[in-house]
**Q** 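Have a look at this one.
Chain A is the first sequence line, chain B the second, and so forth, proteins listed ahead of strands; every chain is numbered from 1.
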Amino acid sequence: MAAPKRKTDIGPPHYDQMLHPAIKANYGKWKSHQNLKPGVLMHEGESGAKVYTVRGASARLISITTIREMCDLADKYCDGFLRYTSRNNVEFMTDKEANVEPLIADLKAMGVPVGGTGSSISNIVHTQGWVHCHSSATDASGVVKVVMDELIDYFTSMSLPAHLRIAVACCLNMCGAVHCSDIAILGIHRTPPTIDHDKLGNMCEIPTTVASCPKAAIRPAMVEGKQSVEVIEDLCMYCGNCYTVCPAMPIANPLNDGISIWVGGKVSNSRTKPMFSKLAIPYLPNTPPRWPEVSDAVKNIVEVYARDAKKYERVGEWINRIGWPQFFEKTNLEFTKYHIDDFTLASSTYNSSTHIKF
Amino acid sequence: MAAPKRKTDIGPPHYDQMLHPAIKANYGKWKSHQNLKPGVLMHEGESGAKVYTVRGASARLISITTIREMCDLADKYCDGFLRYTSRNNVEFMTDKEANVEPLIADLKAMGVPVGGTGSSISNIVHTQGWVHCHSSATDASGVVKVVMDELIDYFTSMSLPAHLRIAVACCLNMCGAVHCSDIAILGIHRTPPTIDHDKLGNMCEIPTTVASCPKAAIRPAMVEGKQSVEVIEDLCMYCGNCYTVCPAMPIANPLNDGISIWVGGKVSNSRTKPMFSKLAIPYLPNTPPRWPEVSDAVKNIVEVYARDAKKYERVGEWINRIGWPQFFEKTNLEFTKYHIDDFTLASSTYNSSTHIKF
Amino acid sequence: MSNTPLIDELVKGPWPSFIKDIKRTAEKNEMCKDLLNLLEMSYRDKKTHWKHGGIVGVRGYGGGIIGRYSDSPELYPGVSHFHTVRINQPAGWFYSTSALRYICDLWEKHGSGLTNLHGSTGDMVMLGTTTEHLEDIFTDLSEHGWDLGGSGSDMRTPSCCLGKSRCEFACIDTMAICHDLTNEWQDELHRPAFPYKFKIKIAGCPNDCVASIARSDCSIIGTWRDNIRQDDAAVAKYASGELVYGARADGKVDIKADVVDKCPTGCMSYEGGKLSIDNKNCNRCMHCINLMPQALRVGVDGGATILLGAKAPIVQGALLSSVLVPFIKMDPPYEEFKELIGRIWEFWDENGEARERIGEMIVRIGKGNFVEEVGCDPIPEMICEPRSNPYIFYEEYFEEE
Amino acid sequence: MSNTPLIDELVKGPWPSFIKDIKRTAEKNEMCKDLLNLLEMSYRDKKTHWKHGGIVGVRGYGGGIIGRYSDSPELYPGVSHFHTVRINQPAGWFYSTSALRYICDLWEKHGSGLTNLHGSTGDMVMLGTTTEHLEDIFTDLSEHGWDLGGSGSDMRTPSCCLGKSRCEFACIDTMAICHDLTNEWQDELHRPAFPYKFKIKIAGCPNDCVASIARSDCSIIGTWRDNIRQDDAAVAKYASGELVYGARADGKVDIKADVVDKCPTGCMSYEGGKLSIDNKNCNRCMHCINLMPQALRVGVDGGATILLGAKAPIVQGALLSSVLVPFIKMDPPYEEFKELIGRIWEFWDENGEARERIGEMIVRIGKGNFVEEVGCDPIPEMICEPRSNPYIFYEEYFEEE
Ligand code: SRM
Ligand code: SRM
Ligand code: SRM
Ligand code: SRM
Ligand code: SF4
Ligand code: SF4
Ligand code: SF4
Ligand code: SF4
Ligand code: SF4
Ligand code: SF4
Ligand code: SF4
Ligand code: SF4
C-alpha cells in the first residue's frame, strides 16, 4: 500500500478560485458603494457593474450543519460563492438585484439576522472561553449570545451615531482586538494563582516562570525541599501569565473570577487616531447561563451613547468630548480607585490641568 | 554686652506694608484691565479707579546698585512702591496716568527696556549657571543675555501670535519651569561621570549613590581595595544626578558639555492643557561668551513661529496643528534618533496611527 | 429533563445560538454530545474544564495544532482529547461552496464537526479532534490544496481585509499581498524559530477593517501619496440630499458640519458650494471619503504605511503598532518590503528575549536604536511628539586631542 | 586690556547686562571683582569653578543658606566662600522702597551686593557671603521683620501670583493664602524633616501666572463653580472693534473665530450677535475671559483646585501636578486645606523613600491608593482617562463559606 501523498508548505488555496465571477471581473476596478439598507451593500464598478452584498449574522462557533446550509444559500443565489468578514459575519454576493430579497427571506427563515453594516453594532469579536481554552475566566460564546440577544435591534438597524464594535475576551491574553473596542467585555481573575509545588519543578522552567510576571511577584523558592516558586501576593494583579507559562500555577477561582467592561477604543484612523479601550466597570460577577449583569451593563452604555453622542462620534470620541466625569455620571456607573491607572504609563493618565467641569 | 535680639520663625513681612495705596484700596475689587501698549497695563476697579503698571526688563541677577536705582524711580513716580513679577521683570504701579510716560522715559534712559506684556517674549526664567552652581553644564545669565539681545524687539512689541515664554536651565535639575516653556534652553552633559575612588567611600553614601541613578547604571564596587562604585557607561545618559548626590562623581566635561533646545511647552490652562516642552535640537556646542549657535537657533524658531502660527496659538498649539514633521521641515531642523523617546513613557509617544501628511 | 439545563438557556433568543447548532450536530457526533456535557459542567462550576495544552502536531510542522485535553476524561470521554486544527484560510475569507463543503466533509470524518469561521488571527479554526486523526487530516488537506496555519513562536497566518476585491478604498491589493507573503514565508509559518509569535495583517486603507493596528506585529495599511480625487457634481448631490451617507439611517450629509468641521487637520473648506481640500495638510484619515464615497476617492498613487509592534497587554501592557515606514510601494514581488522584514526578523532573532514580542523589544531597546539597526532613517512621522525627558544617550562626543 | 575680555562681550547689546551691573558694583566690592574673574575663567574653560556645596547654616535653622566654595580660592580669594542666603520674599513680590533699601544696605554690609530678584522658587536670593557673616545677617534680618526661606528637604518658600492685589481674574486671595501658609508652617519651612523638598505655589486662576502646575509639589489654583459673568453690551463692543484684546498688537476680536471656535469644550455659541455659554460644559480654561476681559468675568463662587506632584525630571522623569481636589473653598483660616496637607505630609513621611518627591511616591504606590490613604474619594476629575491596562489589584474578594 503506497503511503498517501503528503505535500508540505503549499500554503492556502489561491483566492482566485474562491471569487464570484462578478467580483473577479471588477477586482481593483471598484468606483463606489452604497449602503442600501441594514445588511445590504451595493458596490459599483468603474464599468457600471453592480454587485450586491447581503450580510448575515453568525455565531462564529458554527458546525458543519450550519456551514452547509450557508453553502446551500450561496448555491441558490450566489453562483456558489460566499465569504466571511473580519468580524465573522457571513456575506453573500450577487450581481443579480432580484436575488437580494429572496435571499434575505431565506436567511431570516434560517434564523440568521441580516444587518451589521454601517452605524450598527456588528458581530462581537470573541474567543474560546469554556468551549476550548484552559485559560478562560468566563465563557465567550455564551456571553456573546446573551449580549447580542439584547442588542439585536442595533444589528438590524443603522440607528446609532456611528459604528459600534464590541469584543469579548475570556482572559487577559485578549485574543482578538478587545483592547481597542468601543465596548470590550473581558474575563478576569481576581485572586493570585495557587502553586502545585509537587509538580512545578518538573513541569515548569523556573527562570521562565519568574520572568513571566509583569509585576515581579514571583520568586524562586525551596518549598518542602522542592525547587519551586513563591508568589508575593501583594504584588500579584491576577493577570494569569504565570499560568500560561507554567501549568502548575492554576489561577481559575470560580468564586471570584468575573467580567470587567471597557469602553471607548477604536481601530480605524477615521477622524481620530486609534485608541485603547478604558476601564468602565472593574468587576461584574460571572453569572452563567445568561450573565444578566453583563448584558444590562452593556445595554445601558449603548443606550446612553445612542442618546447622547453626536452624529459620527464613535464611543471614544463621544467620551472625549463630554469628558470622563460626565461619562460616569450619565451612565450612572461608579468611579473607583481601580479606574485610576497604576501601571507603567500611569502618570500620563493623570489630569494635569485645571480643566474641570462643575 | 547683651546678645543681639534673635527672633526665629517670624516669617516674611506682611505684604500689606508693601502695597501702593491704590492697590490696597482696590484689593479684591478689580473689574477689568487693558493692555495699553507694550509694557503698560491699566487695571480698573469696580469703583472706576485706575492703576497703571509699567513693566521693565531686569537681568534678574542684579546688584544693589541697580535695585537702588529702581527704588529711586519708584519713589519718584510710584509713592515708594514697586514689585517684581514671576518672570523677574520689575513693575511700577501708579494711579497717576501722567506719570506713565516720564517713568518710561527714565527707564529707557537707565537702559531698561519696557515691554514683556501680552503677545510678547517676556523675560527669560533662568538659573545660576557658572555664576553660582557647581552642577552647571553652561552659564545661564550669559545665555539669557545673548538670546534677549537678539529677541529684544519681541519684548518691546506684542507682535507675536501669542505669549512666548523662554526659559534657561543650566543642568537637568531644571531649576525653573524650563520643562514647560514655549522654548527651553537646557545645559547638558554628554559624557558619563568620572569617579574619584579615593574620595568616594568617605564622601558619599554608597546606597544613596546607587539609588540616585535613573538608569540603574551605578553599582557598588571594590576598586583597588576601596569601597566605591562603578558606572556602566552604556546605560548612563549623563543626567548628573549621581554628582548631585555624590561630589566624588564629577560630570562636567568642557569638550562635550553643551546646550539642547526644547519647544512647545506651556503652563497656562488657556484653551489647551499644560504641556511639556519637546526636544527640538539635541546638542549645540557651548560657545561663550555669546553662544551664536544658540541665539541663532532660538531666533530661527521664533521667526518661523511668528510667520506660520495662527492668532492665539502658543508654540505648542501651533506645532500640534501642523504636526511635528512640518515643524522640522519649516524650521529646517534635523530630526535624529535622539528625538525618539526611549525613557519610561516612550511607547506613548510613538505614532500609532496612519495619520501622516505627504 | 435535559442533561444540560443551563446551556439550554442559550438556545433562546434571536441571535444565532451556538448551543442549538452544537445540539443539532450532536445528533450525529459523539464529541459534540460530550462537549455539551462538559460545557454544562463549566456553566455550573463557573470554571473551565480544559487542561493546559500539550504539544501535539503533524510531522515536519511545528505549529498549526493546539493540543487540548479535558480535566474529566472519565466523565466525558468524547472530549478527553479535543485538539484544534488551524487551517490557513484563503486570503480575504472568500470561499466557493465546493471548497467549504470539502472542509465540512473532512471535519465530519475526522473531527467534532465544529469550527470557528474564523479564529481571531484569521485561520479556519477546526475545533475538536484527537491525536490519531492529525496525520490523516493533514494528508487529506494537502492533497486538496490546503495547508495549516501558524501557532507557537512562528510567523502567524497573515490575514487581510477584502481590499481590491470589493472595496473602492483599497490603495493596495491586500489579498494578493497576503497570499504572496504567506507563500513566501511558509517555513517561518510552519517551523517556529522566532523569540515569540509574529503576526502580519494587511488593510487596504486607513479604515483598517482588519484591525491590523491593534493586533499585528506588522501592520501593512494602504494609503496614497497624491491627492484625493474629487467629483464636484457628486459633492453637489450630497449637498442637495440626492446622495446620502448610506451607513447611517439618518444619512443626509451636512457638508460643513459633518465633513469639513470633522476633518481632523482642518484642511478642508466649503464655501459658496465649492469644497476644497488642501491635500498637503490632509493626513489621510478617510473621514470625508467615508462620508461621501461617490464624491471623494482615495488618490491613485497607492502604497502602504508599515507599522510595527501591536500586541495584547501581557507582559508590559498592550501596544498599538506604530509607524516604521510612512510610504512604500507594494507592487509584486514586494522586494523592498520583504527585505525590510528580513532585516527586522534578523535583528529580533538576535536581540529579542524569549517570549518578547517585537513591539516589546522596540520599547526596551528604544525605537530610535531599532530604526537605525534595521536600516531606516529616523523621521518625525514615526512619533506623535519628540521626547520631553532629557535622558538622551549621546553616541558621539569629542575626545581630547 | 581688560582682565575679562570674554565676559566683557556681554556688556554689549540692548538687554540689561548683568556683567555691566556686577562691574559697577565691583568698584566698591572685592567679592564682585573676584566673581568676575572666576566667571571669566569659566567662560574660558567652559566649566563651572564652583565646588559641590558644603553644609552651612544659621543656628536653629536647617535651611535657607546654600553653601558654595570656589575651586580656585588661591587665585580668587574674594569668592573662596560665596554662600547664598535665601530670604523669604513678601507674598506677591511687592516691596516698599524702604524695605528694599534695607535689604540693599544689609547686603552691602554683609555680602557681595549681588542678588537674584528673585530665585525660581520665589525667594530673594542673596548671592555671595561667607560663613562668618551668617549669624549677623540672620539677627539683623529678624530684627527688621524678615526671615529665611527654605532649602533642603523641607517645605520650600511658598510663592504666588499677585492675585486679588491687581488682577480681576483672581478667584482666591493668593497673597493672603501664601502669607498664612508660610506662617502656619514655619517649622516645616525651617527644619527639614521631609523625605525631600515640598513646594507650594498659589495661582489665582487657571492662567497660572506662577507656573505652579509645572513646579510645585502642591499647586493651589483658583477657579469658580458658578457661571461666567457676562456683559452683553461689552460683547457688542468687542464685536464692533470698540474694545480690543489689548495683549496683541492686532487685537481686534472676531468673536466667532477667535473666541467661540477656540473654546476647547465647544460650549459657546455666537448667533445673531448673542454670545451664549453653556456653563455646565465650560472647563474654566479662561480663554474667552482672557480675550474679552471687559465682557466676561470669572464667576463669584471662587475657590481652588488642589493639584499635587509637579517636579523637574530627575529621577523618574518630570511630572506636572495633577488634580487631587477639584474644588475647595479657600477662606481663612483654611482649615480644610491645612488638614488635607497635614494628612498628605503624614502619609508621605511614613511612605516616601529618601529623596522621593511626593509626585514620585504617588506614581510608585498608585494614585488610587494615595487618594484613599489621604482620605479623599477617587473621582474621575483626577484623571484624563481611566486605565487601559487590565492590571488591577482587586482588594475585595469572596471566600469559600
Ligand atoms: C483561537 C484564538 C482565539 C479565537 O477564539 O479566535 C486564540 C486562542 C489562544 N490564544 Fe490567542 N488566540 C487567537 C488569537 C489571538 C489574538 C488576535 C489576533 O491574532 O489577531 C491575540 C491578540 C494579539 C496579539 O497577538 O497580541 C492573541 C493573544 C494571545 C496571547 C497574548 C500574547 C501577548 O503577547 O500578549 C496569548 C498568550 C501566549 O501567547 O502565551 C495567547 C494564547 C492563546 C492560547 C494558545 C492559550 C495559551 O495560553 O496557550 C489559546 C488557545 C485556545 C484554544 O484552546 O483554542 N493568545 N491571540 C485565536 C487564534 C485563531 C486563529 O489562528 O485564527
Ligand atoms: C467586510 C469588512 C471587511 C472584511 O474584509 O471583512 C468591512 C467592509 C467595509 N468597511 Fe469596514 N469592514 C469590516 C470591518 C471593519 C473594522 C474591523 C473590526 O470591526 O474589527 C473596522 C475598524 C473598526 C474600529 O475602528 O474599531 C472597520 C472600519 C470601517 C470604517 C471606519 C468607521 C469609523 O468611523 O471609525 C469605515 C467607513 C465607514 O463605514 O464610514 C468602513 C467602511 C467599510 C466599507 C464601506 C468599505 C467599502 O467601501 O466597501 C465596507 C462595508 C462596511 C459596512 O459594513 O457598512 N469600515 N471596518 C468588515 C466587516 C466586519 C463586519 O462583519 O462587521
Ligand atoms: C537658586 C535656584 C535657581 C535660581 O537661580 O533661581 C536653585 C538652585 C539650585 N537648585 Fe534648584 N533652584 C531653584 C529652584 C528650583 C526649581 C523651581 C522652583 O522651585 O519653582 C526647581 C524645579 C521644580 C522642582 O522642584 O522640581 C528646582 C529643581 C532642583 C532639583 C531637582 C529636583 C527634582 O526633584 O528633580 C535639584 C537637585 C536636588 O534637589 O538635589 C535642585 C538643586 C539645586 C541646587 C541646590 C544644586 C544642588 O544640586 O545642590 C542649586 C543651588 C545653586 C546655587 O549654588 O545657588 N534644584 N530648583 C532656585 C531656588 C531659588 C529660590 O529659593 O527662590
Ligand atoms: C505679572 C504676572 C503675575 C505675577 O504675579 O507676577 C502676570 C500678570 C498677568 N497675566 Fe499672566 N502674569 C505673569 C506670568 C504668567 C505666567 C508664568 C510664566 O510665564 O512663567 C503664565 C503661564 C505661561 C505659560 O503658559 O507658559 C501666564 C499666563 C497668562 C495668560 C495665558 C496665556 C496663554 O494664552 O496661554 C494670560 C491671559 C492673557 O494674557 O490673555 C495672562 C494674563 C495676565 C494678566 C492680563 C492678568 C490680569 O488681568 O492682570 C496680567 C497682565 C499680563 C501681561 O503681562 O500682559 N497670564 N502669566 C506675571 C508676569 C510675568 C512677566 O514678567 O512676564
Ligand atoms: S482570551 Fe485567554 S482564555 Fe480566551 S481564548 Fe485567548 S488565551 Fe484562551
Ligand atoms: S497572576 Fe500575573 S501578576 Fe500574579 S503572579 Fe502570576 S504572572 Fe505575576
Ligand atoms: S539648573 Fe542645575 S546647574 Fe542650574 S542652578 Fe539648578 S542645579 Fe544648578
Ligand atoms: S549621570 Fe545619571 S545616568 Fe549617568 S551614572 Fe550618573 S546618575 Fe546614572
Ligand atoms: S480597510 Fe479600507 S480597503 Fe479594506 S475593506 Fe476596509 S475600507 Fe475597504
Ligand atoms: S481624509 Fe481626513 S484629513 Fe484628509 S481631507 Fe478628508 S477628513 Fe480631512
Ligand atoms: S494666575 Fe490668574 S489671578 Fe493670578 S495673575 Fe494670573 S491671571 Fe491673575
Ligand atoms: S472658559 Fe474656556 S471652556 Fe469655558 S467658555 Fe470660555 S473658552 Fe470655553
**Q** For D:Lys28, does the NZ atom have more than 12 heavy-atom neighbours from other residues, nucleotides or ligands under 6.0 Å away?
**A** no
**Q** Are the side chain of B:Asn269 and the backbone of D:Pro206 linked by a donor-acceptor contact shorter than 3.5 Å?
**A** yes
**Q** Is any side-chain heavy atom of B:Gln128 less than 4.5 Å from a side-chain heavy atom of D:Asn116?
**A** yes
**Q** Does any heavy atom of chain D fall under 4.5 Å from the side chain of B:His14, the backbone, both, or neither of them?
**A** both
**Q** Short question: side chain of D:Asn88, backbone of B:Gly11 - any donor-acceptor pair under 3.5 Å?
**A** no
**Q** For the backbone of D:Trp15 and the side chain of B:Lys145, can you confirm whether one donor and one acceptor N or O come within less than 3.5 Å of each other?
**A** yes
**Q** Aromatic ring centroids of B:Tyr243 and D:His52 under 6.0 Å?
**A** yes
**Q** Tell me, for B:Leu41 versus chain D, whether the close heavy atoms (under 4.5 Å) come from the side chain, the backbone, both or neither.
**A** side chain
**Q** Short question: side chain of D:Asp147, backbone of B:Ile10 - any donor-acceptor pair under 3.5 Å?
**A** yes
**Q** I'd like to know if the side chain of D:Arg166 reaches the main chain of B:His43, judged simply by a donor and an acceptor atom lying under 3.5 Å from each other, with no hydrogens or angles considered.
**A** no
**Q** Is the distance from the ring center of D:His49 to that of B:Trp130 below 6.0 Å?
**A** no
**Q** Relative to chain D, which segment of B:Lys273 carries a heavy atom at a distance below 4.5 Å: side chain, backbone, both, or neither?
**A** side chain
**Q** Could you check whether D:His190 and B:Asp9, counting side-chain N and O atoms only, form a donor-acceptor pair closer than 3.5 Å?
**A** yes
**Q** Are D:Ser165 and B:Ile23 packed together at the side-chain level, in the sense that at least one heavy-atom pair is separated by less than 4.5 angstrom?
**A** yes
**Q** Report the option among B:Val51, B:Leu61, B:Thr65 that has the most heavy-atom pairs separated by less than 4.5 Å from atoms of chain D.
**A** B:Leu61
**Q** So with a 6.0 Å cut-off around CD of D:Glu135, is the heavy-atom count from everything else above 12?
**A** yes
**Q** Is it the side chain or the backbone of B:Pro161 that comes within 4.5 Å of chain D heavy atoms, both, or neither?
**A** both
**Q** For residues B:Cys180 and D:Ala214, report the shortest heavy-atom separation together with the two atoms involved.
**A** SG-CB, 3.7 Å
**Q** Is chain D contacted by the side chain of B:Asp16, its backbone, both, or neither, given a heavy-atom distance below 4.5 Å?
**A** neither
**Q** Is there side-chain contact between B:Thr272 and D:Pro264, with at least one heavy-atom pair below 4.5 Å?
**A** no
**Q** Using 4.0 Å as the upper bound for N to carboxylate O, is an ion pair formed by D:Lys262 and B:Glu317?
**A** no
**Q** For the residue pair B:Pro12 and D:His179, establish whether any side-chain heavy-atom pair is separated by less than 4.5 Å.
**A** yes
**Q** Quick one: what part of B:Asp75 sits under 4.5 Å from any heavy atom of chain D, side chain, backbone, both or neither?
**A** both
**Q** Does D:Thr97 use its side chain to pair, donor to acceptor, with the backbone of B:Ala74 at less than 3.5 Å?
**A** no
**Q** Please confirm whether the backbone N or O of D:Tyr95 pairs with a side-chain atom of B:Arg83, one donor and one acceptor, at under 3.5 Å?
**A** no
**Q** Examine whether an atom of B:Met110 lies under 4.5 Å from a heavy atom of chain D, and if so say whether it belongs to the side chain, the backbone or both; otherwise answer neither.
**A** neither
**Q** Side chains of B:Ser58 and D:Leu117, heavy atoms from C-beta outward: is any pair under 4.5 Å?
**A** no
**Q** Is the shortest heavy-atom distance from the side chain of B:Arg290 to the side chain of D:Leu10 under 4.5 Å?
**A** yes
**Q** Side chain, backbone, both or neither: which part of B:Gln34 has a non-hydrogen atom closer than 4.5 Å to chain D?
**A** side chain
**Q** Would you indicate whether the side-chain heavy atoms of B:Leu19 and D:Met175 approach each other to under 4.5 Å?
**A** yes
**Q** Give a yes or no on whether the ring-centroid distance for B:Trp30 and D:Phe169 is below 6.0 angstrom.
**A** no
**Q** Would you kindly say whether B:Thr208 and D:Arg355 are connected by a side-chain donor-acceptor distance under 3.5 Å?
**A** no
**Q** Whether D:Asp231 and B:Lys31 form a salt bridge (side-chain N of Lys/Arg under 4.0 Å from carboxylate O of Asp/Glu) is what I want to check.
**A** no
**Q** Would you mind checking which part of B:His179 comes under 4.5 Å of any heavy atom in chain D, side chain (CB onward), backbone (N, CA, C, O), both or neither?
**A** side chain
**Q** Measure D:Cys288 against the heavy atoms of chain B and call it side chain, backbone, both or neither at under 4.5 Å.
**A** neither
**Q** When heavy-atom pairs shorter than 4.5 Å are enumerated against chain D, which of B:Asp79, B:Val131, B:Asn286 gives the highest number?
**A** B:Val131
**Q** Please classify the contact of B:Cys133 with chain D as side chain, backbone, both or neither, using a heavy-atom distance under 4.5 Å.
**A** both
**Q** Do D:Ser96 and B:Gln17 touch side chain to side chain, with heavy atoms closer than 4.5 Å?
**A** no
**Q** Measuring from B:His132:NE2 to D:Phe82:CZ, what's the distance to the nearest 0.5 Å?
**A** 5.5 Å
**Q** So, for B:Tyr312 and D:Tyr245, is the gap between ring centers shorter than 6.0 Å?
**A** yes
**Q** Strictly distance-based, threshold 3.5 Å: is any side-chain N or O of B:His134 a donor or acceptor partner for the main-chain N or O of D:Trp50?
**A** no
**Q** Heavy atoms only, distances under 4.5 angstrom: which of B:Ser141, B:Cys239, B:Ala169, B:Gly265 has the most pairs with chain D? Name it, please.
**A** B:Ser141
**Q** What part of D:Arg248 is in contact with chain B, defined as an atom under 4.5 angstrom from a non-hydrogen atom: side chain, backbone, both or neither?
**A** both
**Q** Any chance the side chains of B:Ser63 and D:Asp21 put a donor and an acceptor closer than 3.5 Å?
**A** yes
